[in-house]
Amino acid sequence: MSSLPFPARRRWFFALRAAAVAGAALAVILLLGRMAVEWHWFGQFELQSVLLRRWGLQLVAFVLVFGGGSLLQLKQVQRCWRLRQEATTKPLGSEPLLRLGGSRLLLALVALLLLLATGLAYLVLQARDLIGAPFSGQVITGFTVLLDLPPLLPLGLAAGLLIPLLIRPLATLRITLAAALAASATALARGWSLWLPALLAAPFGERDPLVGLDLSFTVLRLPALKLLLSVLLAQGVVGLAACLLLCLSEGTSLSDGAFPGLSRAQQRVLQPQLAFLAVVAALISGLAPFDLMVEGSGIASGAGYVDLHVRLPLRLLLALLLLLTALGLLVPLPKGWLRRGALLPLTFTALLVPISEWLLAPLVQRLWVQPRELAMETPYLRRSIQGTRRAFGLERVRSITLEPRQKITAADLAAAPGTLANVRLWDSQPLLAANRQLQQLRLYYRFSSAAVDRYPLRDKTGRQGSRQVLISARELDSGALPRGSRTWLNRHLVFTNGHGFTVSPVNAAGPDGLPLFFVKDLGRSGRVQGIPQLGVSDAQAQAALPVGRPSLYFASAPAPYAIAPTKVQEFAYPDGELNVYTHYDGTRGVPLATAWQRLCAALYLREPRVLFTGSFTPRSLLLLRRQVNQRLEALAPFLHFESEPYLVTARVGRHEGYRQDQHQYWLLDGFTNSRSYPYSDPNPQGLRYFRNPVKAVVDAHDGRLWLYVSDPSDPVLRTWRRAFPELFRPLSEMPEALLRHIRVPQSQFTIQSERLLRYHVTDVRTFYNGDDVWSVPYEIYGNSNVQVRPYHLTLQLPGQTSTEFVLLLPFAPLKRTNLVGWLAARNDPPHYGELLLVRFPQQRLLLGPQQVSALIDQDPTISFQFGLWNRMGSRLFRGNMLVLPVGSGLLYVEPVYLQSKANDLPTLVRVVVTDGTTFVMERNLSDALKRLASGGQGASAAAAASAAGPPPAATAVQP
């Protein structure tokens with residue numbers, strides 16, 4: 001052999017080694033860069049301990065799983081390889097175990113290859129899901145999900161492994177096992193979202209009805225156990241398949257097409273693996289009581305009659321048989337025939353049990369249970385009703401019955417001045433459309449959302465303690481810059497912040513039908529003003545609505561990272577033809593003072609310009625996660641937050657951590673949930689437990705944030721507080737100025753309302769018959785027939801003399817359109833969070849929103865006017881139908897807007913009111929209510945108006 005190839009091979013070896021070292025070094029630098037940025041990001045809140053604990057938990061889990069698994073499984077494969085090398089001399093008994101020949105050997109090898117690839121695919125997908133969304137609750141936690149794996153993935157892996165297995169079987173199996181172990185370790189490391197609460201679970205103080213354990217076991221520990229057992233089972237299958245592949249392909253087995261059988265030594269090596277799989281499968285089957293309480297199969301949510309009397313005994317029998325099988329594999333029996341005589345019947349019986357369940361349970365359900373279903377399922381239906389109501393907080397709903405009159409009188413109107421003074425005539429959708437036309441002012445601004453809130457804006461009589469308004473932030477959208485101006489410098493250093501907000505009363509419009517504003521415009525031309533027709537002076541508005549420096553660096557919509565302050569001036573707001581510039585004066589952000597910090601930021605952002613720019617100063621900060629939701633989810637990923645934060649402007653005063661000169665804050669609600677609460681019927685999103693225990697506050701200027709605990713009794717939150725106590729503060733520490741603006745979140749209210757549609761019924765027979773199921777009614781919104789969404793109102797609840805800020809949703813009977821009741825969530829102290837269910841007698845026909853909308857269309861005067869507007873280059877837009885309790889009756893109010901087909905600028909042109917018998921449409925609410933109280937008598941301004949133009953005025957009611 002020539003001496004030349006050896007130096008060449010050395011050069012190639014050293015080149016590959018250098019490339020590997022360089023790649024590893026680059027990966028380490030990238031990892032350190034990301035870790036440094038994350039460390040500083042948490043450091044701005046002085047919460048590095050939280051990040052360090054999270055890193056430590058994941059690192060310990062990964063090292064333990066990967067290290068321990070490598071020692072066990074790679075050593076096991078090495079044993080099988082050593083026995084494979086001795087294949088020509090291995091001793092065989094008179095009746096060798098697993099003797100295979102011809103097609104049976106080929107089928108066995110193909111099955112093992114597919115089993116190896118499927119187990120690996122399962123572990124990889126599980127790790128991927130937990131990396132992407134560890135707190136979603138939608139992760140793979142059961143081995144049966146193998147049936148749902150994409151078939152091409154295991155087949156592709158099997159095809160990719162085939163040739164390497166034939167050429168280098170040991171190396172290929174080592175790499176495969178290492179990949180499976182890495183996936184398992186990653187899954188369990190990222191699965192700290194499941195096993196940490198399992199270790200620290202706070203007690204619920206309630207026991208499950210089947211086993212008698214505290215509910216914390218099923219809610220918090222069961223998901224972690226299922227994750228662990230599914231990983232162990234899949235990893236055990238991969239290891240066993242690898243060893244059997246080595247055994248069956250030993251010596252001349254492949255060329256001869258026959259495997260002579262397993263030797264005693266090979267059996268001794270494989271028995272612990274089989275026993276391990278049997279124990280894991282037994283534990284999975286042994287969790288049947290808890291699985292059935294969550295995932296029952298009867299008419300009740302949770303374990304029913306067949307589950308407890310057929311499925312549960314069979315699964316427990318299976319667990320016992322599997323444990324006995326494992327014991328038989330591990331304990332040496334005296335003779336081969338005895339071992340075979342004991343193990344084979346156990347194994348075949350264990351295989352028959354699942355088949356028996358699959359065949360027997362449906363037969364018992366159909367032949368024994370269904371003829372007497374109500375009597376046999378009553379206890380389990382009662383458990384389901386009670387469990388669902390507890391899990392979603394429905395047992396705290398207070399219920400009253402009202403019998404409203406189908407007629408509104410002047411006395412009814414006089415009895416509800418607070419309700420009538422805050423009737424919401426502006427919806428968020430038309431108001432946002434008007435804002436974009438009147439207040440957006442530049443292309444790069446946007447109004448993403450409008451929140452309904454209440455502020456202490458008293459009228460001239462002093463009777464109105466708070467007024468309902470719509471507040472909308474003017475956020476920056478750097479993506480809307482002209483294409484030539486969409487440079488890196490503009491997007492990240494110049495256009496860094498939104499500016500200001502608008503505040504509009506919900507019940508007033510100007511002479512032109514456009515919304516009025518308490519706060520409007522920008523910069524020097526910006527105004528905080530009163531509205532004389534509402535009796536609110538300029539001084540009152542300025543006292544209630546502080547503006548200060550309304551630079552919104554942190555917003556509700558997605559926003560790119562920003563770097564500030566720098567030597568480059570930041571755009572503040574336009575002032576006529578000129579622009580006003582500023583510099584960020586906040587102190588929160590990732591520092592960029594040193595070369596190492598800039599290098600880390602460049603690696604984190606994958607942006608080399610961060611490294612080479614000369615625009616930075618020692619005070620420059622990298623502002624990351626500027627969307628409020630992203631900011632909170634990064635800090636507390638175990639909480640789920642409301643999708644839309646709402647802006648609050650308030651004078652906080654002297655309060656720890658808050659700046660007196662800062663007034664704009666984002667408020668957001670945090671939720672805990674679970675998919676494993678026993679006997680709870682899941683909602684359409686699969687949730688079986690839901691709570692709102694956290695109120696979050698984010699400074700809109702520099703991103704400081706606070707998490708306040710509003711429900712310390714929630715066991716899930718108590719568990720997370722044990723893990724990260726420094727994250728949370730009691731609600732009593734929230735500044736009073738912000739506390740006045742907390743509200744029941746729409747997500748929670750929507751979920752509870754949806755559950756209440758059926759679970760307002762507590763009588764088992766009525767529930768079973770399904771003759772008192774409700775639905776959410778429909779209304780015409782815009783030009784579409786849509787379900788009514790919960791809406792905020794300031795009104796006097798039945799039996800109350802003062803007004804409250806409530807969230808309300810009407811209900812209708814299933815498949816009918818009349819009104820059967822409504823649910824109200826109270827938002828003001830001391831009744832915050834209370835739910836009031838108002839029921840109406842079902843023997844009386846009370847009109848629902850859909851019926852009222854249809855009757856409005858049938859009114860000759862109103863429908864004629866609607867038709868005229870829709871034919872004159874305009875487009876009619878119908879607002880939310882509001883159902884209000886007024887005195888002893890119900891008042892229906894629908895605002896009507898008009899838009900030009902050439903311009904998306906809605907104007908409030910009419911208000912339609914009715915009590916179900918009389919329909920009135922007028923230019924303003926005051927005139928409409930007067931005509932309604934008089935029974936529709938008198939001249940109608942709406943009817944007298946021509947179709948040629950909008951009304952001269954649309955003003956609010958003055959009680």
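A quick note: this is a predicted structure, and the numbers were derived from the prediction, not measured.
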- Message: For A450 versus L431, what's the shortest heavy-atom pair and its separation?
- Response: CB-CD2, 4.3 Å
- Task: Output, in order, the C-alpha distance, side-chain angles, deciding distance and verdict of side-chain hydrogen bond (donor to acceptor under 3.5 Å, both in side chains) for Y781 and E894.
- Result: CA-CA 10 Å; Y781 186 73; E894 182 180 84; over 6 Å; no
- Query: Minimum heavy-atom separation for L808 to V883, with atom names?
  - Reply: CD2-O, 4.1 Å
- Keeping the roles fixed (side chain from E642, backbone from E644), state whether a donor-acceptor pair exists under 3.5 Å. no
- Backbone of S556 reached by a side-chain donor or acceptor of Q627 within 3.5 Å: yes
- Query: Donor-acceptor pair, Q440 side chain versus Y445 backbone, under 3.5 Å?
  - Reply: yes
- Message: Keeping Q439 on the side-chain end and K520 on the backbone end, is there a donor-acceptor pair under 3.5 Å?
- Response: no
- Note on the structure: Partner of W426 under ring pair (Phe, Tyr, Trp, His ring centres under 6.0 Å), picked from Y897, F877, Y791, F517, is Y897
- Query: Under 6.0 Å between the ring centres of H701 and F554?
  - Reply: no
- Message: I'd like to know if the side chain of S537 and the backbone of G530 have a donor-acceptor N/O pair within less than 3.5 Å.
- Response: no
- Query: Are D857 and R878 within salt-bridge range, i.e. N to O under 4.0 Å?
  - Reply: yes
- Task: Evaluate the criterion side chain to side chain contact (heavy atoms under 4.5 Å, CB included) for residue pair R467 and V536; output intermediate values, then yes/no.
- Result: CA-CA 10 Å; R467 185 173 296 277; V536 179; 4.0 Å; yes
- Contacts of type salt bridge (charged side-chain N to carboxylate O under 4.0 Å, His left out), residue R446, not counting sequence neighbours: D477
- Item | Any donor-acceptor N/O pair, N422 side chain to Q468 backbone, under 3.5 Å | yes
- Using a 4.5 Å cut-off on heavy atoms from C-beta on, say whether the side chain of L605 contacts that of L624. yes
- So, do F447 and F501 have ring centers that fall under 6.0 Å from each other? no
- Item | side chain to side chain contact (heavy atoms under 4.5 Å, CB included) partner of W666, chosen from L647, V648, L705 | L647
- Side-chain heavy-atom pair I742, M734 within 4.5 angstrom cut-off: yes
- Can a donor-acceptor pair be found between the side chains of Y455 and Q540 at a distance below 3.5 Å? no
- Are any non-hydrogen side-chain atoms of L793 and L884 less than 4.5 angstrom apart? yes
- Query: How far apart are the closest heavy atoms of P810 and P849, and which atoms are they?
  - Reply: CG-CG, 4.4 Å
- Could you walk me through whether L929 and L420 pass the side chain to side chain contact (heavy atoms under 4.5 Å, CB included) check? CA-CA 9 Å; L929 291 176; L420 299 179; 4.0 Å; yes
- The reported gap from CG in N629 to CZ in R631 (rounded to nearest 0.5 angstrom) is 12.5 Å
- Message: If I take atom CG from residue N490 and atom OG1 from residue T496, how far apart are they, to the nearest 0.5 angstrom?
- Response: 11.0 Å
- Item | Distance, nearest 0.5 Å, that separates OH of Y892 from OG of S853 | 11.0 Å
- Output for pair (K567 NZ, Q569 CD), nearest 0.5 Å, gives 14.0 Å
- Give, for atom OG1 of T487 and atom CG of L481, the distance between the pair rounded to the nearest 0.5 Å. 8.0 Å
- Item | Heavy-atom pair of closest approach, residues L432 and S472 | CD2-OG, 3.6 Å
- Name the orientation class of the two ring planes belonging to H792 and F805 (parallel below 30°, tilted from 30 to 60°, perpendicular beyond 60°). parallel
- Does some side-chain heavy atom of R527 sit less than 4.5 Å from a side-chain heavy atom of V519? no
- Query: Which atom names give the shortest non-hydrogen contact between M881 and I856, and what distance separates them?
  - Reply: CE-CD1, 3.9 Å
- Can you find a heavy atom in the side chain of Q662 that is under 4.5 Å from one in the side chain of D699? yes
- Query: With a cut-off of under 6.0 Å to the ring centre and 45° to the axis, is R743 in cation-pi contact with Y646?
  - Reply: yes
- Would Y553 and Y584 count as a close aromatic pair, with their ring centres under 6.0 Å? yes
- Task: In sequence, state the C-alpha distance, the side-chain angles, and the governing distance for N579 and Y581, and then conclude on side chain to side chain contact (heavy atoms under 4.5 Å, CB included).
- Result: CA-CA 6 Å; N579 290 333; Y581 293 89; 3.7 Å; yes
- Query: So, do L668 and V628 sit near enough that their side-chain heavy atoms are less than 4.5 Å apart?
  - Reply: yes
- Task: Apply the test ring-ring contact (aromatic ring centres under 6.0 Å, His included) to residues F641 and F671: give CA-CA distance (whole Å), side-chain angles for both, the deciding distance (0.1 Å), then the verdict.
- Result: CA-CA 6 Å; F641 290 93; F671 310 114; 7.9 Å; no
- Item | Donor-acceptor pair, side chain of H492 and main chain of Y561, under 3.5 angstrom | yes
- Task: Report the C-alpha distance between N785 and E779 in whole Å, list the side-chain angles of each, state the deciding distance to 0.1 Å, and finish with yes or no for side-chain hydrogen bond (donor to acceptor under 3.5 Å, both in side chains).
- Result: CA-CA 6 Å; N785 199 34; E779 65 173 348; over 6 Å; no
- Between OG of S747 and CD of Q752, what distance do you get to the nearest 0.5 Å? 11.0 Å
- Task: Without swapping roles, check the side chain of R454 against the backbone of V469 for a donor-acceptor pair under 3.5 Å.
- Result: no
- Task: Take L632 and L707 through the side chain to side chain contact (heavy atoms under 4.5 Å, CB included) test and state the conclusion after the steps.
- Result: CA-CA 9 Å; L632 290 167; L707 296 175; 4.0 Å; yes
- Query: Any idea which heavy atoms bring N507 and V423 closest together, and the distance?
  - Reply: CB-O, 3.0 Å
- Would you say R789 has more than 12 foreign heavy atoms packed within less than 6.0 Å of its CZ? no
- Would you check if the side chain of N827 reaches a backbone N or O of V744 as a donor-acceptor pair within less than 3.5 Å? yes
- Task: State plainly whether the residues D904 and R436 are in salt-bridge range, i.e. N to O under 4.0 Å.
- Result: no
- Message: Whether the side chain of R826 engages the backbone of L807 through a donor-acceptor N/O pair (distance < 3.5 Å, no angle test) should be reported.
- Response: no
- Side chains of T502 and N435: donor-acceptor distance under 3.5 Å anywhere? yes
- Partner of S551 under side chain to side chain contact (heavy atoms under 4.5 Å, CB included), chosen from D702, N497, D585, L476: N497
- Query: Considering only heavy atoms from C-beta outward, does the side chain of V911 approach that of R923 to under 4.5 Å?
  - Reply: no
- Any R659 side-chain heavy atom under 4.5 Å of R704 side chain: yes
